[in-house]
Amino acid sequence: MVSAAMIEPPAEGFSDPVLDAAECFRVILGALATPGTPMRLPRTVAAPDALGPEGAALALTLMDFETRVWLHPDIATEAVVRYLAFHTGVVRASEAGAADFAVMPIGAAVSVLPTLVVGTADYPDRAASAILLTDGMDGGAPARLSGPGLAAPVDFAPAGATSALWSVLRENAARFPLGVDCFFAGGGAVAGLPRSTRIESGEG
Amino acid sequence: MNIPAAMVEPAGGRDDTYNFAYLDEQTKRMIRRALLKAVAVPGYQVPFAGREMPMPYGWGTGGVQVTAAILKADDVLKVIDQGADDTTNAVSIRKFFRRTAGVATTERTEAANVIQTRHRIPETPLRAGQILVYQVPIPEPLRFLEPRETETRRMHAHADYGLMHVKLYEDIARHGHIATTYAYPVKVAGRYVMDPSPTPKFDNPKMSECPALQLFGAGREKRIYAIPPFTTVESLDFEDHSFTVQRWDRPCALCGARDSFLDEVVTDDRGGRMFVCSDTDYCARRRDAGHGPEEEEA
């Protein structure tokens with residue numbers, strides 16, 4: 001028999017699940033509507049180390065038992081799995097190609113992004129969203145972004161971004177209206193990169 | 001921005017027997033996920049599991065669900081119906097959110113950060129950070145041309161919009177000009193043809209490159225779509241019959257504005273009528289600033 005004392009409770013989620021989720025969603029919505037523009041999250045949540053408070057805020061706001069999440073092996077620690085199961089009830093997908101949400105370190109995105117579902121011509125909304133965990137919103141290889149949401153092109157260089165990543169994301173954008181929508185999370189902020197954004201990167 | 005405090009009805013008085021903004025959290029998350037897809041694919045209609053709301057279809061259940069899913073406690077909400085803040089639909093939806101969300105409300109366009117609208121875009125230019133939520137009766141611009149959902153979906157997939165141009169052409173053949181005056185079809189970001197909801201075509205140019213985020217909710221048809229800020233929205237037309245908006249040969253009878261959309265108001269049973277701004281906030285503000293009837297002629 002397992003005694004209750006042996007199970008350590010997962011880290012706390014939102015202190016007010018209703019109002020905190022509402023505030024976080026508006027930041028997430030604004031981030032996707034204004035690509036490549038880091039937006040500070042209004043609430044910090046306690047989170048397992050591998051996920052980080054920004055990744056946790058995205059998960060708590062968007063995931064529930066109706067969605068499937070794929071966790072990169074580096075993210076899928078016991079603490080993260082229990083945290084997501086307890087707070088969201090999200091279903092784990094065994095492979096990335098079966099997920100609505102895929103959570104990965106930014107360094108793994110080059111290999112993971114091409115395996116995610118991109119929707120169909122009739123239903124482009126049936127595509128995955130990728131959450132790329134990063135250390136911050138600058139210091140990586142830069143890309144110049146333009147398109148819906150942006151009055152003028154912006155430069156975006158999240159930590160850990162490489163020219164190979166921008167190349168994969170350019171191919172993703174070229175499939176519009178199909179494609180994966182990305183969120184970069186880390187350093188106290190989130191930034192969005194919908195499939196509709198045009199990407200030019202300095203290194204080709 | 002200096003907004004006199006008197007122009008905003010402060011937050012408070014939420015009936016907490018309801019969840020914040022009425023909808024349960026599960027429904028809000030479902031709508032929020034649909035909204036993100038709608039923003040990512042501008043102009044594409046995302047199906048969503050629309051709920052029954054405590055008001056009949058046709059009264060803005062789609063817009064109300066979108067507003068409920070995006071609202072946060074410190075928002076300032078404005079609701080308009082045909083441009084007016086004081087008509088039945090606007091008043092009842094504003095009261096609904098005062099009761100269920102306890103948010104502050106206002107009639108001033110620039111004081112609001114969420115504006116729910118039925119069939120108009122405010123005359124006061126919108127700014128970045130504001131969200132305009134449209135109530136949409138029939139989201140599919142091709143529906144009256146092709147009744148089958150499977151076919152219209154295929155037409156959108158192939159960007160096969162020739163039929164819409166045939167419809168506009170038939171207008172020209174019959175009337176000598178494009179006679180469509182509201183729900184005038186637009187192409188968003190060069191890809192999807194979209195119904196702007198039954199706004200007068202007068203408002204179409206305001207949708208393009210608008211700094212505010214525009215969200216559309218159709219409750220009965222269960223579709224959500226969006227136009228991100230600073231997105232090109234083009235009204236369909238022909239090289240030799242270009243898109244034009246309505247013009248009036250007289251100014252507003254109350255404030256003298258010549259740049260706003262005018263409603264015709266019947267004043268008696270002997271043919272008397274007047275033309276006044278449909279945007280009540282815009283008209284009242286002009287009058288407060290000393291503008292009056294026919295001032296341009298004076």
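Please read all numbers here as calculations on a predicted model, not as lab measurements. Order of the sequence lines sets the chain letters (A, B, ...), proteins ahead of strands, with each chain counted from 1.
Taking the six-membered ring where the residue is Trp, the centroids of Tyr192(B) and Tyr225(B) are separated by 6.0 Å or more.
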_Apply side-chain contact (heavy atoms from CB on, under 4.5 Å) to residues Lys187(B) and Tyr161(B) and explain how you reach the verdict._
CA-CA 10 Å; Lys187(B) 184 175 266 191; Tyr161(B) 296 127; 4.2 Å; yes
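Only the backbone of Leu150(A) has a heavy atom closer than 4.5 Å to any heavy atom of chain B. For Pro17(A), the part lying near chain B is the backbone, with the side chain staying farther off; criterion is any non-hydrogen pair under 4.5 Å. The parts of Ala21(A) that come within reach of chain B are both its backbone and its side chain, each placing non-hydrogen atoms under 4.5 angstrom from that chain. Both the backbone and the side chain of Ser129(A) come within less than 4.5 Å of a heavy atom of chain B. Contact of Phe176(A) with chain B is made through the side chain alone, with heavy-atom distances under 4.5 Å.
The most heavy-atom pairs under 4.5 Å with chain B, out of Pro177(A), Pro194(A), Ala127(A), come from Pro177(A). Annotation: maximal heavy-atom pairing with chain B below 4.5 Å, among Glu23(A), Arg195(A), Met63(A), Arg26(A), occurs at Arg26(A). For the set Thr61(A), Asp64(A), Thr197(A), Leu62(A), the count of heavy-atom pairs under 4.5 angstrom toward chain B peaks at Asp64(A). When each of Asn19(B), Ile70(B), Val46(B) is checked for heavy-atom pairs under 4.5 Å with chain A, Ile70(B) comes out on top. Chain B forms more heavy-atom pairs under 4.5 Å with one residue of Ala121(A), Ser196(A), Ala151(A) than with any other, namely Ala151(A).
The aromatic rings of His72(A) and Trp70(A) sit perpendicular, their planes meeting at an angle over 60°, well past the 30° parallel limit. Using bins of under 30°, 30° to 60° and over 60° for the plane-to-plane angle, the ring pair Tyr134(B)/Phe216(B) lands in the parallel bin. Ring orientation note: the planes of Phe184(A) and Trp166(A) are tilted relative to one another, at an angle of 30° to 60°.
Under the 3.5 Å distance criterion, with hydrogens and angles disregarded, a donor-acceptor pair is assigned to the side chains of Asp15(B) and Thr17(B).
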